[in-house]
Amino acid sequence: MRVGIGYDVHKLVEGRPLILGGVVIPFTKGLLGHSDADVLVHAVMDALLGACALGDIGSHFPDSAQQYKGISSLKLLGEVKNLIQDQGYKVGNLDSIIIAQRPRLNPYLDEMRLNMAKVLNTDLRNISVKATTTEQLGFEGREEGISAQAVVCLLPT
């Protein structure tokens, strides 16, 4: 068994879609990044890579590489899943949390779980996605950005 933790943060800006867990969420701002800036999936990928001591998403998918510009983070998650499979592991369970003052994310959490479970080829019961606010404290509370954290347990295949 291996355990990994991931964290990511992106700035909220106008003129970009807000994509979390592969779900386009109606909001006045989106996340700034080279890819689709899906902060949740990025945290999950870092947790998976960390569990296998394979570095971080920046070393695998650098923001200087044109082939990753605007790419779906779910596609990158599929590549990370292949990397952990090559190491002889599969997802045992994943617990994650999105930290954002707005928008309210509860209506979208099940779809986020489903998207990641499909890509990771695991049962939906193995994927947890939660959301919380910071009671208007910090950069998330001021609606300057959104962050996410993830913890994963990998099991031998």
Side-chain angles (χ1 to χ4, degrees), residues 1-13 16-25 30-100 105-106 108-134 138-140 144-157:
M1 173 179 71
R2 311 241 356 190
V3 176
I5 184 169
Y7 171 81
D8 197 39
V9 60
H10 283 272
K11 181 179 180 176
L12 280 165
V13 296
R16 295 228 355 154
L18 178 58
I19 301 170
L20 296 169
V23 179
V24 178
I25 298 172
L31 295 170
L32 181 63
H34 186 67
S35 66
D36 64 3
D38 188 329
V39 70
L40 173 62
V41 175
H42 291 184
V44 169
M45 288 191 293
D46 266 347
L48 293 165
L49 291 167
C52 288
L54 294 174
D56 62 21
I57 62 173
S59 61
H60 290 271
F61 313 109
D63 63 7
S64 58
Q66 277 304 111
Q67 70 262 36
Y68 304 124
K69 185 163 180 59
I71 195 168
S72 166
S73 294
L74 288 177
K75 181 174 171 107
L76 299 178
L77 181 61
E79 293 185 32
V80 170
K81 178 201 60 138
N82 292 338
L83 290 171
I84 66 166
Q85 281 181 332
D86 291 347
Q87 298 292 311
Y89 291 94
K90 65 180 180 179
V91 172
N93 76 299
L94 162 69
D95 188 22
S96 60
I97 188 162
I98 306 165
I99 302 100
L105 298 173
N106 196 48
Y108 308 100
L109 299 179
D110 285 340
E111 188 176 356
M112 293 177 199
R113 292 176 59 223
L114 185 61
N115 287 344
M116 291 192 293
K118 283 181 183 176
V119 172
L120 294 171
N121 195 29
T122 191
D123 192 285
L124 184 62
R125 295 175 293 180
N126 296 333
I127 306 295
S128 170
V129 178
K130 304 176 300 287
T132 191
T133 69
T134 62
F139 70 88
E140 298 104 333
E144 296 170 3
I146 294 176
S147 67
Q149 299 177 22
V151 177
V152 65
C153 172
L154 300 182
L155 302 175
T157 52

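Along the sequence shown, the residues carry numbers beginning at 1.
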Checklist entry - Measuring from His10:NE2 to Arg16:CZ, what's the distance to the nearest 0.5 Å? => result 9.0 Å
Next on the checklist: Quick check for you: to the nearest 0.5 Å, what is the distance between Met1 atom CE and Leu154 atom CG?
Outcome noted: 10.0 Å
Item to check | Stepwise side chain to side chain contact (heavy atoms under 4.5 Å, CB included) check, Ile98 with Thr132 | outcome: CA-CA 6 Å; Ile98 306 165; Thr132 191; over 6 Å; no
Checklist entry - Can you find a heavy atom in the side chain of Val9 that is under 4.5 Å from one in the side chain of Phe139? => result yes
Next on the checklist: Could you walk me through whether Ser96 and Leu40 satisfy the side chain to side chain contact (heavy atoms under 4.5 Å, CB included) test, starting with their C-alpha distance in whole Å, then the side-chain angles of each, then the deciding distance to 0.1 Å, before giving a yes or no?
Outcome noted: CA-CA 8 Å; Ser96 60; Leu40 173 62; 3.6 Å; yes
Checklist entry - Nearest heavy-atom pair of Ala51 and Val152: which atoms, and what distance? => result CB-CG1, 4.2 Å
Item to check | Contact summary for Ser147 and Glu140, nearest pair of heavy atoms | outcome: OG-OE2, 2.6 Å
Checklist entry - Is it true that a side-chain atom of Asp38 and a backbone atom of Gly22 form a donor plus acceptor pair closer than 3.5 Å? => result yes
Checklist outcome for this item: Between the CD1 atom in Ile127 and the CG atom in Leu109, the distance rounded to the nearest 0.5 Å is 13.5 Å
Checklist entry - For Val24, what residues pass the side-chain contact (heavy atoms from CB on, under 4.5 Å) criterion, not counting sequence neighbours? => result Ile19
Next on the checklist: Could you walk me through whether Gln87 and Leu54 satisfy the side chain to side chain contact (heavy atoms under 4.5 Å, CB included) test, starting with their C-alpha distance in whole Å, then the side-chain angles of each, then the deciding distance to 0.1 Å, before giving a yes or no?
Outcome noted: CA-CA 10 Å; Gln87 298 292 311; Leu54 294 174; 4.0 Å; yes
Next on the checklist: Show the nearest heavy-atom pair for residues His34 and Ala65, with the distance to one decimal.
Outcome noted: NE2-O, 2.9 Å
Checklist outcome for this item: For Cys52 and Tyr89 the tightest heavy-atom approach is SG-CD1, 4.0 Å
Checklist outcome for this item: Those residues at least two apart in sequence (or on a different chain) that pass side-chain contact (heavy atoms from CB on, under 4.5 Å) with Ile5 are Val151
Checklist entry - Hey, are the side chains of Leu105 and Leu20 touching, using non-hydrogen atoms and a 4.5 Å cut-off? => result yes
Next on the checklist: To check you understand the geometry: which heavy-atom pair defines the closest contact between Tyr7 and Asp46, and what is its length?
Outcome noted: O-OD2, 3.9 Å
Next on the checklist: Rounded at 0.5 Å granularity, tell me how far CE in Met112 sits from NZ in Lys130.
Outcome noted: 13.0 Å
Checklist entry - Does Gln149 offer a backbone N or O that forms a donor-acceptor pair with the side chain of Asp8 under 3.5 Å? => result no
Checklist outcome for this item: Val119 meets the side-chain contact (heavy atoms from CB on, under 4.5 Å) criterion, sequence neighbours left out, with Leu74, Leu77
Checklist entry - Which residues satisfy the side-chain contact (heavy atoms from CB on, under 4.5 Å) test with Ser35, sequence neighbours excluded? => result His42, Ile71, Ser73
Checklist entry - Looking at residues at least two apart in the chain, or sitting in another chain, which of them share a salt bridge (Lys or Arg N to Asp or Glu O under 4.0 Å) with Asp86? => result none
Item to check | Atom of Leu124, atom of Arg113 and distance for their closest heavy-atom approach | outcome: O-NH2, 2.9 Å
Checklist entry - How far apart are the C-alpha atoms of Val44 and Leu94, what are their side-chain angles, what is the distance that settles it, and do they pass the side chain to side chain contact (heavy atoms under 4.5 Å, CB included) test? => result CA-CA 8 Å; Val44 169; Leu94 162 69; 3.9 Å; yes
Item to check | Any pair counted as salt bridge (Lys or Arg N to Asp or Glu O under 4.0 Å), so long as it reaches residues 52-80, sequence neighbours left out | outcome: none
Next on the checklist: Quick check against the 3.5 Å criterion: does Arg2 have a side-chain atom that pairs as donor or acceptor with the backbone of Gly50?
Outcome noted: no
Next on the checklist: When you compare the side chain of His60 with that of Leu83, does any pair of heavy atoms fall below 4.5 Å?
Outcome noted: yes
Checklist entry - Say you draw a straight line from CG of Asn93 to OG1 of Thr122; how long is it, rounded to the nearest 0.5 Å? => result 9.0 Å
